[in-house]
Structure formats: C-alpha cells, structure tokens
Amino acid sequence: MRFHRPSVRARLTLWYAGALTLIICIFSAGILLFVEERLYAALDAQLGRELATIDRVYREEPDELKDLAPHWGVTLFQVNAGDSIRYQTDEWQRDGLARALQAGGSIAPMSWLAPNGRRYRVQHASASSYRVAAAIEETSLRDTLRTLTAILAMGIPFAVGLAIVGGYFLAGRVLAPVGAMADKAREISAESLAERLPVDNPDDEFGRLAKVFNDTLSRLQDAFERLRRFTADASHELRTPLTAMRSVGEVALRNPIDAGAYRDVIGSMLEEVDRLTRLVESLLTLTRADSGKIQLAHEIVDLGALAGSVIDQLRVLADEKQQDLTLRAPTAVQVVGDAGLLRQALMNLIHNAIKYTPNEGKISVELKVVKPGQAAIDVQDSGAGIPAEHRHRIFDRFYRLDASRSREEGGVGLGLAIARWAIEANGGRIELASDCGSGSTFRILLPTQDDVSAHSKR
Ligand code: ADP
C-alpha cells in the first residue's frame, strides 16, 4: 500500500493541534501542581494552628483538652508525656493514628496513609516533658484535587478537538490563495500567457510567490512573442527570394528566349540563392547564439590587425562606390576574445557603413583606448545617419529603416543584431551615436586585458 503524504492543510492542522495539546498539558500540569501546593499549604497552616491551640490548652488547662473536639472541631490529636498517653481523642485512637508517629518522627507535616485507606496530614511538636501530635484528614483536599484533575482531563480532549476543527478551518482560509493560484496556473497555456495569477496581498509570502510567478510569466510571454515575431519575419524574408526566383523562372519558361537571356535569368536566380544563403547563415548564427551553446574561443586578438584585415576584404566594395575608407590605429590594442565573432561584428558595421553611405562618401575606422582597461573601435560614416526615433530599435532582429533600400543592398536586417550579440558575448557592448544628416558612428567597446602583453611575452 502506498503511503500518501497528507496535504499541507492537514499537516498544518496536525502541527497546530499537536503544539496546542502540548501547551495545554503543560499548563494543566502546572495548574494542578500549583493548586496542590496551595491546598497543602493551607492545610499545614491549619494543622499548625491546631497544634498551637492544643499545646496552649495542655499547658494552661489540661482538663479542657476534651472540650477541644466538641467546641473547636479539633478531633484528631494526642498528648504524650514520656511514654504515657496524657490524652487522645476517640477518633485518634479509632483511626490508629498513633502508628503515624511511629512511621515518621519528623516535626514537619507529612501525609500518612492509614490502614483504613484514608490519608491524613500529621504533625507533632515536642516540648521538654511532653509531645503533642495532631492530624487532619486529607479527604476533602484530595477530592478537590481529583475533581480538578477530572475537569482538566475532560477539558483537554475538548480543547484539542476544538483546536483541530478551528485549525483546519483557519489553515483552509490561509491556504485558499494557493488553491486559487493553482487553479489559475492550470488554465495558463502557451496561448494564454497574458493571463496572470491572482495576487491578494502583494506583501505576504503567497503574494510574493504569485508576483515571482507572474514576473516569470511576463518573461516567458516576452520570449514567446519575440520567437513568434522572429519566426514570422524569418518566413517572410525566406519567402521573398523564393518568390523572386519563381517568378523569374516562370517568365523565362513562358517566353522563348535566347541563351544570353537564360544566362541573365540564371544569374538573377543565383543572386537570390546568395541572399537566401546569407539569410540562412544569419538565422543559424542567431539560433546558435540563442541556444547559448556556442563555445567561445579565448585568444589574444590584435584589434588593429583585425580591423585592417576586415577593411582589406571590404575595400573593393568601397572602391566601387569611390568611397574613402580609412583606418586609424595609433596604438596597438589587444583583447582576449573570439577573433571570429569580433571579426563578424566589425565586418557587419563596416559593411553597413559602405552600404548606407552614398558614392564618394567617407568612412573612417578608428581604434583607441578610451580609458584604462577599455578599448573602442569607432566606425564613422558620412551617410544619411539614423533618425533618433529608430535608434533604440536599430539592433532588433529584422529591423530596417528602409526595407526596400536595405533589400536592394542585400540586407536582411540581421547584421546589427548579430554584431551586438557577437560583441556582448565577448564582454563588450555596441553604442550608436548618430546625427541625422551627418552620418552615423557605431562604437564597439571592449575590455582590454591589462596583462595580455605580459601573458603573450611569457
Ligand atoms: P541590414 O542587413 O538591413 O543592413 P542591419 O541589422 O545591419 O540590417 O541594419 C539594420 C538597419 O539599420 C538597416 O536596414 C539600415 O536601415 C540601418 N543602418 C545600419 N547601419 C547604418 C548606417 N551606417 N547608416 C545608416 N543606416 C544604417
């Protein structure tokens, strides 16, 4: 048989009832002990007073000892002088209380169980020539204690029962928000990520839990939304070259054309294939970046040499547009990072600068150390610049200022997104300083390794 752990409500109730039972038991035992102590103290005080009375009467008017029982209710006592009994009450004799004195010689009050089954409180006092002993029956005291014990013993189960019922009810009320949260959470699916858990009191534990869960839901919703947009944008971008290829092919098939025209058709199809290839490569890069599974190399990278080689590779494009592409790298700067990714980021920025700067424009790439431990590469162009309202979104995937122009230039709107990821993966960041009309400046900031040169010399 499988053992099911009881619910939180049941466990809370049990803990609560258990703790309360323990407290009630300790409290009841305390009350019993206290009352017993007080009752015995009162009895002993009475016994002490009786002893004093007997003693005084014996000393002053011994004949009146017999009046003590009828007039003063002092019924249990004995007076001895040496070994002979001077006086003893009938009750004393009847109940065999003389044996109590043999049982204990203490002058402090003591409880004694008589052979008749009754309990007595017995005490004696000694003078030089005589000894007085008195006793009081404990029956009524014991009855009182027994009654109190019975009341407490009956009250405890009643209180525990009440505690269980009350505790169960209270635990149910306290845990109600959890039930409501669970019901709501069960309803939330990928399609209803906009829903939120109810928050009764944002400052209590459950409220904080619900808030944390809601924050997680918000992040999930954002991620889902971004994924959905990305998939939609990617499909759209993939469809455009495919549609272009299809229509170029269909037109060519429909009309009889000569070999030269076929070559043009194939050429334009290959262009679209190139675009598709670039797009798929970019998508792959971003997907791998999102998965976080890319193993970054940690190599020493000479930023000046890297920028030089990227510029050499792109110079032919700048030359086509008669642009002035220059590199300024007055000091050698080394960073530790993944050369491939850094190269890709720089390539995207410089390529953009060439694409979006008109013919005969100026593009400068400058490498400098902005502060100890931080290097910057500025890619500045004399193009149209990026209007302020677009700057915060320019690094978003598929975001383009002018989609048709970008497409004409072979862009798909992923270059800056990839550049930003590549730089951030290397511990740096990209900033955009752009004034409309006077070109754009993209700045890559990277941490330099102060001990890089020492490292490389070793
Ligand atoms: P694309 O592949 O379209 O170039 P990017 O992500 O590289 O995509 O750039 C996004 C958009 O930012 C581009 O479509 C373009 O409108 C704008 N942009 C990027 N760099 C520059 C620049 N140097 N000057 C002006 N606009 C730019």
Side-chain angles (χ1 to χ4, degrees), residues 176-243 275-296 338 341 344-345 348 352 386-404 406-407 411-432 442:
V178 181
M181 280 194 271
D183 289 344
K184 190 76 202 170
R186 212 172 289 126
E187 287 170 15
I188 297 175
S189 66
E191 280 69 44
S192 56
L193 280 176
E195 308 243 1
R196 294 290 175 267
L197 297 190
V199 183
D200 283 350
N201 176 2
D203 297 324
D204 70 10
E205 288 81 350
F206 296 140
R208 286 206 295 275
L209 178 71
K211 262 191 81 212
V212 170
F213 197 84
N214 284 342
D215 290 349
T216 310
L217 274 178
S218 299
R219 285 197 297 276
L220 269 180
Q221 189 187 5
D222 278 359
F224 255 73
E225 198 42 55
R226 254 182 286 130
L227 192 68
R228 211 171 278 160
R229 224 174 21 234
F230 183 65
T231 316
D233 288 344
S235 320
H236 179 74
E237 290 301 327
L238 285 167
R239 212 175 46 198
T240 313
L242 288 173
T243 315
R275 187 196 297 278
L276 268 179
T277 312
R278 271 200 308 278
L279 175 59
V280 170
E281 270 167 11
S282 299
L283 288 176
L284 265 178
T285 308
L286 283 173
T287 314
R288 283 169 58 223
D290 286 348
S291 73
K293 283 187 188 140
I294 291 188
Q295 279 286 327
L296 293 185
D338 188 304
L341 287 188
Q344 169 128 47
N348 290 1
N352 274 353
I386 296 164
E389 66 267 26
H390 294 286
R391 276 179 220 158
H392 69 288
R393 296 205 54 199
I394 203 76
F395 293 98
D396 288 357
R397 294 171 184 189
F398 296 109
Y399 192 79
R400 287 170 293 198
L401 263 61
D402 178 350
S404 60
S406 165
R407 194 168 288 125
V412 290
L414 292 176
L416 287 179
I418 292 177
R420 181 169 68 173
W421 162 72
I423 294 301
E424 285 176 357
N426 278 291
R429 62 176 203 274
I430 293 192
E431 289 172 355
L432 165 62
F442 284 88

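We count residues from 1, following the sequence as given. Just so it is clear, the values below take in all heavy atoms, side chains as well, and ignore hydrogens, waters and symmetry mates.
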With sequence neighbours excluded, tell me which residues meet salt bridge (charged side-chain N to carboxylate O under 4.0 Å, His left out) with Arg420. none
With sequence neighbours left out, what residues match Ser189 under side chain to side chain contact (heavy atoms under 4.5 Å, CB included)? Glu191, Ser192
Report the distance from atom CG of Leu220 to atom CG of Leu227, rounding to the nearest 0.5 Å. 11.5 Å
Does a side-chain heavy-atom distance below 4.5 Å link Pro177 with Asn201? no
With sequence neighbours excluded, give me every ring pair (Phe, Tyr, Trp, His ring centres under 6.0 Å) pair touching residues 194-237. Phe230-Phe398
Could you report the tightest heavy-atom contact between Ala425 and Leu296, atom names first, then the distance? O-CD1, 3.1 Å
Quick check: closest heavy atoms across Glu431 and Arg429, and the distance to 0.1 Å? OE2-NH2, 2.8 Å
Do you know which two heavy atoms are closest between Arg397 and Ala417, and how far apart they sit? CG-CB, 3.8 Å
side-chain hydrogen bond (donor to acceptor under 3.5 Å, both in side chains): which pairs involve residues 213-222, sequence neighbours left out? Arg196-Ser218, Arg196-Gln221
Asn426: what forms a side chain to side chain contact (heavy atoms under 4.5 Å, CB included) with it, not counting sequence neighbours? Asp338, Leu341, Leu342, Leu446
Please round to the nearest 0.5 Å and tell me the distance separating atom CZ of Phe442 and atom CG of Leu416. 5.0 Å
Mind checking what makes side chain to side chain contact (heavy atoms under 4.5 Å, CB included) contact with Ala289, not counting sequence neighbours? Trp421
Would a 4.5 Å heavy-atom cut-off, applied to side chains only, mark Leu217 and Leu193 as touching? yes
Nearest 0.5 Å, please: how far is CD in Gln344 from OG1 in Thr285? 5.5 Å
Who passes side chain to side chain donor-acceptor pair (under 3.5 Å) against Asp183, sequence neighbours left out? Arg186
Rounding to 0.5 Å, atoms CD1 (Ile418) and CD1 (Ile423) come to a distance of 12.5 Å
Can you sort out the partners of Glu281 under side chain to side chain donor-acceptor pair (under 3.5 Å), two or more places apart, ordered by chain and number? none
Partner set under side chain to side chain contact (heavy atoms under 4.5 Å, CB included) for Arg229, not counting sequence neighbours: Glu225, Arg226, Asp233
Please give me the minimum heavy-atom distance between Asp204 and Gly207, naming the atom from each residue. OD1-N, 2.6 Å
Please state whether the rings of Tyr399 and His390 are parallel, tilted or perpendicular, taking 30° and 60° as the class boundaries. tilted
With sequence neighbours left out, write down each residue that passes side chain to side chain donor-acceptor pair (under 3.5 Å) with Glu195, or none if nothing qualifies. Lys184
Checking the side chain of Arg208 only, and the main-chain atoms of Asp203 only, is there a donor and an acceptor separated by less than 3.5 Å? yes
Report the residues that fulfil side chain to side chain donor-acceptor pair (under 3.5 Å) with Glu424, sequence neighbours left out, ordered by chain and then residue number. none
Are side-chain heavy atoms of Leu414 and Leu279 found at a separation under 4.5 Å? yes
So CD1 of Ile394 and CG of Leu432: to nearest 0.5 Å the spacing works out to 7.0 Å
So CG of Leu197 and CE of Met181: to nearest 0.5 Å the spacing works out to 6.5 Å
For Pro198 and Ala210, the nearest pair of non-hydrogen atoms, with its separation, is O-CB, 3.9 Å
